[in-house]
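Let me begin by presenting the structure, written as structure tokens, before commenting on it.
Read the numbers this way: they start at 1 and go in the same order the structure lists the ligands and their atoms.
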Amino acid sequence: MKKEPVVIKELSAAKRENNFSEVVLGYDEADAVEEAKRCIQCKDPKCSQGCPVGIDIKKFLFQVSQNDYQGALTTIRENNNFPSVCGRVCPAEYQCRKACVFTKKDSPFASDQAININFIERFVGDWGMRNAVVSSQQSVVSSKNNDKKVAVVGSGPAGLCTAGELARAGIKVKLFESLHKLGGVLRYGIPTFRLPRDIMDFEIEQLKKLGVEMVPNFVVGKAASVQDLFDEGYGSVFLGLGAGVPTFMGIKGESLCNIYSANEFLTRVNLLGADKFPQNHTPVNIGKNIIIIGGGNTAMDSARVAIRLQRMNGIAPNTTVCYRRTELEMPARRLEIHHAKEEGIIFKFLAQPEELLGDENGYVKTLRCLQCELGEPDQNGRRRPVIMPGSEFDLPCDQLVIAAGLGANQVLTSVTPELKLDKWGDVIVDKETMETSMKKVFAGGDIVGGEGTVIEAMRMGKFAAKAIVEQLSVK
Ligand code: FAD
Ligand code: SF4
């Protein structure tokens, strides 16, 4: 008989309600081995096809089942530079786990019975980190490119992954980041209760050991242009600029006080320590009736941060997520939705914001919504919300966080006319080499194709690094 999945350890909702401690504790060694043994080692495994970077999952699960963690780490790092990160944040239920033989065909996401590949991967990544194991994929493999240098712009997963791959090929890499801390969304967006910062610190330290030079507080496009970088002798430039510009709803009242974009809200807390006010001088206001607009990971992160801040400040928890479709259509990871519910977040589905009303001082007071029902599927197969006539209703709201999507960061692209952009302002690239319309300039991550995932950004970074090495080698 098939064994049941090994239960994943988590902090109870009561223990995590007024702190930012990591919620999912994951698998210890015994759990990881037992779960890996559930893998039936399919002859023709589909799980690897579900992984955007095509990790040999069958192989690493077998290695874990045999207690060969060093081997498993090598197998994973062959395709994935940051296993401890992906093991925590990958939407595995739509990727490798969905492709697992234990998920029923045509299911919208992975079944509970699917092997917990991501949590085993997390265990292996953490094991490597804990034991300071440096696998061959974290070492320089060539010295023939020592005379070549490449500039990488942006320190999100795309930039970090590209920088690492280039450094391994012996190329001198300088990485420019506009913010004062490195990591992109992994640092300023995803809260610590999902991704503790020592993981990013470890990976960045490894890159430094590989020789990558990091330059924070440097905005390419302002402090120097792309052409300036070439003039300084860089042979290629990689752009991992991300999608850091919030999308607003364009409704009346959106500029009232106490309305934040999710980016600003999360950045203030994650990067500027707003949760530690007054020790840190970067407060966020904390409302009594907080509403978050959206249904993606950014919305879940904002809601879970907001309700923690309410509790930590002695305010009765009252945080609502307003989404215009239903739970099934929510793009957020299933685990985050589950955790949000456990933590007391209220969900208001099929509600489309129509207008924001303020008080006499210009502070938001009410969110007016229209009730929706689901109509025909859109081009992505998600059923569209259709407004029901005469269905207006009001929700009390003294703080609103808008997580309705993110667009391209255009600081650099707006001053680099040689770069061809699509109608959303994303950089157009050759899908195989990631080279842009500007010769020797490559791009990857969310600046190509819009808001995506960490592992997709890394996949593009790897492609670009490979093409850069090839191009530089023949010059
Ligand atoms: P980013 O991570 O955005 O990094 C880009 C970096 O470039 C930034 O640090 C920026 O400051 C810098 N930069 C931009 N312009 C310049 C310039 N001109 N000069 C110098 N530096 C510059 N994905 C998942 O897979 N799982 C999740 O659970 C998940 N949760 C998310 C939660 C939130 C709140 C958000 C916002 C996103 C989430 N995502 C998640 C998406 C994922 O984080 C992104 O797809 C990924 O970070 C994209 O990587 P990137 O390297 O392209 O860009
Ligand atoms: Fe699954 Fe993500 Fe790991 Fe690939 S990187 S095996 S998709 S958890």
Can you find an N or O of A158 that's nearer than 3.5 Å to an N or O of ligand 1? yes
K172: what forms a salt bridge (charged side-chain N to carboxylate O under 4.0 Å, His left out) with it, not counting sequence neighbours? none
Atom pair CZ/CZ of R122 and R88 - distance to nearest 0.5 Å: 3.5 Å
Name all pairs fulfilling the ring pair (Phe, Tyr, Trp, His ring centres under 6.0 Å) condition that reach into residues 204-248, sequence neighbours left out, sorted by first residue then second. F176-F218
Sorted by first residue and then second, give each ring pair (Phe, Tyr, Trp, His ring centres under 6.0 Å) pair with at least one member in residues 23-42; sequence neighbours left out. none
Can you tell me if E342 and H338 form a side-chain donor-acceptor pair at under 3.5 Å? yes
Do N81 and E165 have a side chain donor and acceptor closer than 3.5 Å? yes
Ring geometry between Y69 and F123 (parallel below 30°, tilted from 30 to 60°, perpendicular above 60°): perpendicular
Just need the protein heavy atom nearest to [atom], so name the residue and atom and give the distance.
| atom | value |
| --- | --- |
| atom 10 (C) of ligand 1 | E177 OE2, 3.5 Å |
| atom 30 (N) of ligand 1 | R194 NH2, 3.1 Å |
| atom 26 (N) of ligand 1 | V89 O, 2.7 Å |
| atom 52 (O) of ligand 1 | D446 N, 2.8 Å |
| atom 38 (C) of ligand 1 | V185 CG1, 4.0 Å |
| atom 33 (C) of ligand 1 | T298 OG1, 3.6 Å |
| atom 18 (N) of ligand 1 | V220 O, 2.7 Å |
| atom 39 (N) of ligand 1 | G452 O, 4.3 Å |

Evaluation steps, side-chain hydrogen bond (donor to acceptor under 3.5 Å, both in side chains), between E435 and Q471: CA-CA 10 Å; E435 191 165 11; Q471 202 178 74; 3.2 Å; yes
Selected option - heavy-atom contact closest to [atom], from [options]:
| atom | options | result |
| --- | --- | --- |
| atom 5 (C) of ligand 1 | S178, A224, G184, G240 | G240 |
| atom 15 (N) of ligand 1 | N297, N270, L271, N409 | N409 |
| atom 31 (C) of ligand 1 | V226, V153, I190 | I190 |
| atom 49 (O) of ligand 1 | P91, G445, P157, G156 | P157 |

Report, in ascending order of atom number, the atoms of ligand 2 lying under 4.0 Å from any heavy atom of P52. 7 (S)
Taking only non-hydrogen atoms of N80 and a 4.0 Å limit, the atoms of ligand 2 in range are 5 (S)
Just to check, does [X] reach to within less than 4.0 Å of ligand 1 when the distance is taken from its heavy atoms?
| X | result |
| --- | --- |
| G244 | no |
| L406 | yes |
| D301 | yes |

Take atom 1 (Fe) of ligand 2 as the centre and count protein N, O or S atoms at distances under 2.8 Å. 1
Measuring from the heavy atoms of P83, does anything fall under 4.0 Å of ligand 2? no
